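Side chains are part of it too, since the values below use all heavy atoms of this structure and drop only hydrogens, waters and symmetry mates. Small disclaimer: the values here were computed from a predicted structure and weren't measured. All residue numbers refer to positions in the sequence shown, counting from 1.
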Amino acid sequence: MTCFYCGGDTEQKSKTHAVTLEKCVIIIKNVPADICRQCGEVYFTDGVMQKLEGITDRLESIIKEVAIVDYADGAA
């Protein structure tokens, strides 16, 4: 894949993704992503974004401060 911003090449890696919500912070580790080797821009596939949204939606209603979860566990 080519980076939209700088035109550099991307590589598949794992990334930590943090979401700050009104009442809590959710940190999701080991999220698969394409990351630009040149500028560091991060790209998630549609499937990964859907799973991140699902994890966030489930945890938002039960977490009061901070949650740290692994992407592979899916916050089941």
Side-chain angles (χ1 to χ4, degrees):
M1 178 177 168
T2 301
C3 179
F4 175 78
Y5 293 101
C6 75
D9 291 328
T10 62
E11 62 182 329
Q12 291 185 345
K13 288 184 162 185
S14 292
K15 170 128 180 78
T16 298
H17 179 70
V19 180
T20 303
L21 303 170
E22 190 173 316
K23 297 180 181 181
C24 65
V25 175
I26 299 170
I27 300 168
I28 307 168
K29 302 185 313 180
N30 300 316
V31 180
D34 290 314
I35 302 173
C36 180
R37 293 179 185 190
Q38 188 167 307
C39 72
E41 185 66 25
V42 178
Y43 299 92
F44 298 118
T45 65
D46 290 342
V48 168
M49 282 302 302
Q50 287 177 349
K51 187 168 180 178
L52 288 172
E53 288 174 3
I55 292 169
T56 301
D57 289 345
R58 281 192 303 278
L59 291 176
E60 182 177 19
S61 63
I62 59 175
I63 300 300
K64 302 249 187 272
E65 291 186 30
V66 177
I68 302 173
V69 297
D70 193 278
Y71 178 84
D73 294 340

Does [X] share a hydrophobic cluster with [Y], counting links as ILVMFWY side-chain heavy atoms below 4.5 Å and allowing steps through other members?
X: Met49; Y: Ile28; value: yes
X: Val25; Y: Tyr71; value: no
X: Val69; Y: Leu21; value: yes

Nearest 0.5 Å please: distance from the [atom1] atom of [X] over to the [atom2] atom of [Y].
X: Glu41; Y: Cys3; atom1: CD; atom2: SG; result: 5.5 Å
X: Asp34; Y: Asp9; atom1: CG; atom2: CG; result: 11.0 Å
X: Arg37; Y: Lys13; atom1: CZ; atom2: NZ; result: 8.5 Å

Can you name the closest pair of heavy atoms from [X] and [Y] and give their distance?
X: Asn30; Y: Ser14; answer: CA-CB, 4.0 Å
X: Gly7; Y: Thr2; answer: O-CG2, 3.3 Å
X: Lys51; Y: Ala72; answer: NZ-O, 4.0 Å
X: Phe4; Y: Tyr43; answer: N-OH, 2.8 Å
X: Lys29; Y: Ile68; answer: CD-CG2, 3.9 Å
X: Thr56; Y: Ile26; answer: O-CD1, 3.8 Å

Take atom CG in Asp46; do more than 12 heavy atoms of anything else shown fall under 6.0 Å from it? no

Of Ile27, Val31, Val42, the residue whose pairing with His17 passes side-chain contact (heavy atoms from CB on, under 4.5 Å): Val31

